**Q** 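Just passing along the structure, written as structure tokens.
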Amino acid sequence: MDFQQVFGKAPETQASAPGRVNLLGEHTDYNDGFVLPTAIPQSTTVQLGFSSDCQHHFYSENLNEQVSILDINHTPSGFASYIFGCIELLQKAGYTIPSLCVYVKSSVPMGSGLSSSAALEVATLRALRQLLNLPIDDVEIAQFAQQAEIQYAGVQCGIMDQMASSLADTEHILFLDTRTLERRVMPLPEKAEILVIDSGVPRTLASSGYNQRRAECEEAARSLKVKALRDITDVHVTETLPEPLQHRARHVVTENNRVLEVLQGVTSERFGELMNASHASLRDDYEVSVPALDRLVEILQKTEGVFGARLTGAGFGGASVALVKSGESESIATHVLEQYNQAGYNGRILVPSLGLSDPA
Ligand code: ADP
Ligand code: MG
């Protein structure tokens with residue numbers, strides 16, 4: 001099914017936005033901290049046309065599902081909530097949005113931690129900007145997208161995913177200060193590429209675990225009398241906290257410091273060590289890993305040609321990310337998956353090789 005087949009006419013315009021993978025800086029964005037994502041080659045495309053019946057109609061090719069908005073006072077659920085949220089937030093900001101036919105197709109794996117949700121929001125907003133000549137910039141798109149996810153899809157997310165989808169490309173890593181939105185586009189460490197492998201374990205406890213960690217961080221910040229844990233740079237300061245707040249805060253402080261070290265310029269070897277340390281911190285201090293992810297990351301870390309590896313995304317299942325020698329990700333993936341899947345897991349490659357720097 002394409003736009004024409006679903007809506008009986010051709011689209012007026014279309015726009016795309018990529019998914020993202022976060023290389024370093026996990027669970028820091030809701031602590032006003034620092035992150036280092038990059039865009040992945042997979043993207044979401046949104047096509048728009050005008051609706052002739054005063055209702056919005058949304059179709060997802062991936063879900064083979066159509067939703068019509070009969071009552072604009074009632075927020076739809078599921079994938080329609082992300083699109084509806086983008087439209088309604090623009091209206092609340094004073095823009096006139098006509099009734100629309102919206103067609104979505106995507107190559108970003110859904111629910112795997114590569115941010116298909118932000119790709120959907122950003123592609124929707126880009127298409128709307130194009131169709132209606134809206135005077136909004138890429139940062140505002142990220143902000144509208146984040147609010148759509150919070151207010152309409154009910155996900156208490158930080159702004160990393162939407163900023164990455166709106167501002168990053170596959171050639172660079174994006175350093176982002178999530179408090180000030182100050183950012184810097186950086187090359188990846190030399191002679192390296194990125195490999196993303198899914199653990200095959202669904203992120204079942206992800207939303208409850210995520211909300212609990214958020215609450216723990218807020219409590220830790222209150223106890224330490226700072227606005228957010230980002231304001232702590234010396235890890236010893238966290239030692240006065242009771243458990244489990246002490247461990248949670250220690251992860252956030254050390255993780256922010258790891259991202260800031262990359263900003264100073266590091267070799268691929270050092271970048272890899274920081275990723276390994278990030279995984280240990282997420283496993284031991286933040287307690288968001290699961291045995292399958294630990295196993296997958298351990299195999300990666302022991303494999304020749306791997307600079308470093310860690311879980312990526314919220315944890316509780318989902319994907320791993322590794323920094324590997326240029327040109328070696330394919331053979332590394334084959335070797336790692338052979339070992340990992342022997343243990344009864346169902347791992348698979350999500351992003352085969354993201355070459356960000358000149359291998360020469
Ligand atoms: P992630 O962003 O890591 O992929 P989320 O749970 O945040 O995982 O977002 C996944 C949700 O986003 C899906 O369940 C669906 O509601 C919506 N979504 C994303 N991409 C699409 C798409 N192409 N078609 C329909 N819904 C989509
Ligand atoms: Mg998401």
Side-chain angles (χ1 to χ4, degrees), residues 1-19 42-111 114-157 159 161-163 165-166 207:
M1 295 281 267
D2 59 15
F3 190 103
Q4 177 86 41
Q5 285 164 324
V6 174
F7 298 117
K9 58 184 171 187
E12 300 286 335
T13 193
Q14 69 171 46
S16 299
Q42 292 102 317
S43 64
T44 298
T45 298
V46 169
Q47 298 178 315
L48 295 181
F50 297 109
S51 161
S52 44
D53 65 0
C54 298
Q55 289 172 10
H56 296 305
H57 302 281
F58 307 150
Y59 180 85
S60 162
E61 187 182 270
N62 302 84
L63 301 178
N64 187 22
E65 187 184 327
Q66 186 168 341
V67 173
S68 295
I69 309 293
L70 307 172
D71 175 4
I72 55 159
N73 296 312
H74 181 76
T75 301
S77 61
F79 85 100
S81 63
Y82 299 87
I83 304 170
F84 183 73
C86 293
I87 293 174
E88 197 163 275
L89 285 170
L90 288 173
Q91 282 172 328
K92 285 185 176 166
Y95 302 113
T96 305
I97 313 289
S99 297
L100 296 166
C101 295
V102 182
Y103 186 98
V104 180
K105 54 182 170 182
S106 180
S107 55
V108 184
M110 271 190 269
L114 297 179
S115 214
S116 68
S117 58
L120 174 57
E121 294 144 12
V122 172
T124 298
L125 288 159
R126 281 180 176 171
L128 284 164
R129 174 170 70 183
Q130 217 157 280
L131 182 72
L132 305 168
N133 275 316
L134 303 178
I136 50 176
D137 66 21
D138 293 342
V139 172
E140 289 170 304
I141 282 194
Q143 289 167 325
F144 278 119
Q146 182 200 15
Q147 287 309 313
E149 185 140 351
I150 294 174
Q151 295 179 36
Y152 292 84
V155 182
Q156 289 301 316
C157 58
I159 200 167
D161 296 353
Q162 292 79 11
M163 284 293 279
S165 184
S166 186
S207 67

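Note that the structure is predicted; figures quoted are calculated from it, not measured.
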**Q** Minimum heavy-atom separation for Ala80 and Val67, please, with both atom names.
**A** CB-CG1, 3.8 Å
**Q** For the backbone of Asp2 and the side chain of Gln5, can you confirm whether one donor and one acceptor N or O come within less than 3.5 Å of each other?
**A** yes
**Q** Answer yes or no: is there a side-chain heavy-atom contact under 4.5 Å between Phe58 and Ile69?
**A** yes
**Q** Just how far is it from atom CD of Gln66 to atom CD of Glu61, taken to the nearest 0.5 Å?
**A** 13.5 Å
**Q** If you define the side chain from C-beta out and look only at heavy atoms, does anything of Leu100 sit under 4.5 Å from Ile83?
**A**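 A side-chain contact under 4.5 Å is absent here.
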**Q** To the nearest 0.5 Å, tell me how far Ser68 OG sits from Asp53 CG.
**A** 7.0 Å
**Q** Checking Lys9 now: which residues fulfil salt bridge (charged side-chain N to carboxylate O under 4.0 Å, His left out) with it, not counting sequence neighbours?
**A** none
**Q** Restricting to ring-ring contact (aromatic ring centres under 6.0 Å, His included), what partner residues turn up for Phe79, sequence neighbours left out?
**A** none
**Q** Taking all non-hydrogen atoms of both residues, which atom of Ala10 and which atom of Gln4 are closest, and how far apart?
**A** N-OE1, 3.4 Å
**Q** Of all heavy-atom pairs between Ala123 and Val46, which one has the smallest distance, and what is that distance?
**A**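 So the minimum-distance heavy-atom pair works out to CB-CG2, 3.7 Å.
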**Q** Can you label the angle between the His57 ring and the Phe7 ring as parallel, tilted or perpendicular, going by 30° and 60°?
**A** tilted
**Q** Enter the distance from Gln147:CD to Leu89:CG here, rounded to the nearest 0.5 Å.
**A** 7.0 Å
**Q** Considering residues at least two apart in sequence or located in another chain, which fulfil the ring-ring contact (aromatic ring centres under 6.0 Å, His included) criterion with Tyr59?
**A**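 Partners of Tyr59 by the ring-ring contact (aromatic ring centres under 6.0 Å, His included) criterion, ordered by chain and then number, come out as Tyr103.
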**Q** Closer than 3.5 angstrom, by distance alone: can the side chain of Thr124 be matched with the main-chain N or O of Leu120 as a donor-acceptor pair?
**A** yes
**Q** Is there a side-chain contact between Thr45 and Lys105 in this structure, where contact means two heavy atoms from C-beta onward sitting under 4.5 Å apart?
**A**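 SC-SC contact between Thr45 and Lys105 confirmed.
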**Q** Got a second to check how far Glu121's CD is from Ser115's OG, nearest 0.5 Å?
**A** 7.5 Å
**Q** Nearest 0.5 Å, please: how far is CD1 in Ile141 from CD1 in Ile136?
**A** 4.5 Å
**Q** Taking Ser51 for its side chain and His56 for its backbone only, find out whether a donor-acceptor pair lies under 3.5 Å.
**A**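 Judged by distance alone, no pair lies under 3.5 Å.
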**Q** With no hydrogens and no angle check, is any side-chain donor or acceptor of Gln162 less than 3.5 Å from a backbone partner on Val122?
**A**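 No; zero donor-acceptor contacts below 3.5 Å.
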**Q** How close do Phe50 and Cys101 get, heavy atom to heavy atom, and via which atoms?
**A** O-SG, 4.0 Å
**Q** Check Gly78 against Ser81 and note the closest heavy-atom contact, atom names and distance.
**A** O-OG, 2.6 Å
**Q** Measure the CG-CZ distance between Leu90 and Arg129 for me, rounded to the nearest 0.5 Å.
**A** 11.0 Å
**Q** Could you give me the CA-CA distance, side-chain angles and deciding distance for Asp161 and Glu149, then say whether side chain to side chain contact (heavy atoms under 4.5 Å, CB included) is met?
**A** CA-CA 11 Å; Asp161 296 353; Glu149 185 140 351; 5.6 Å; no
**Q** State whether the side chain of Ser165 and the backbone N or O of Gly19 hold a donor-acceptor pair below 3.5 Å, judged by distance alone.
**A**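 A pair under 3.5 Å: no.
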**Q** Measuring only between side-chain heavy atoms, which start at C-beta, is Ile150 closer than 4.5 Å to Cys157?
**A** yes
**Q** Kindly give the heavy-atom pair with the smallest separation between Val104 and Asn62, and that separation in Å.
**A** O-OD1, 4.2 Å
**Q** Indicate yes or no for a side-chain donor-acceptor contact from Glu140 to the backbone of Asp137 under 3.5 Å, with no hydrogens or angles considered.
**A**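 Side chain of Glu140 to backbone of Asp137: a pair is present.
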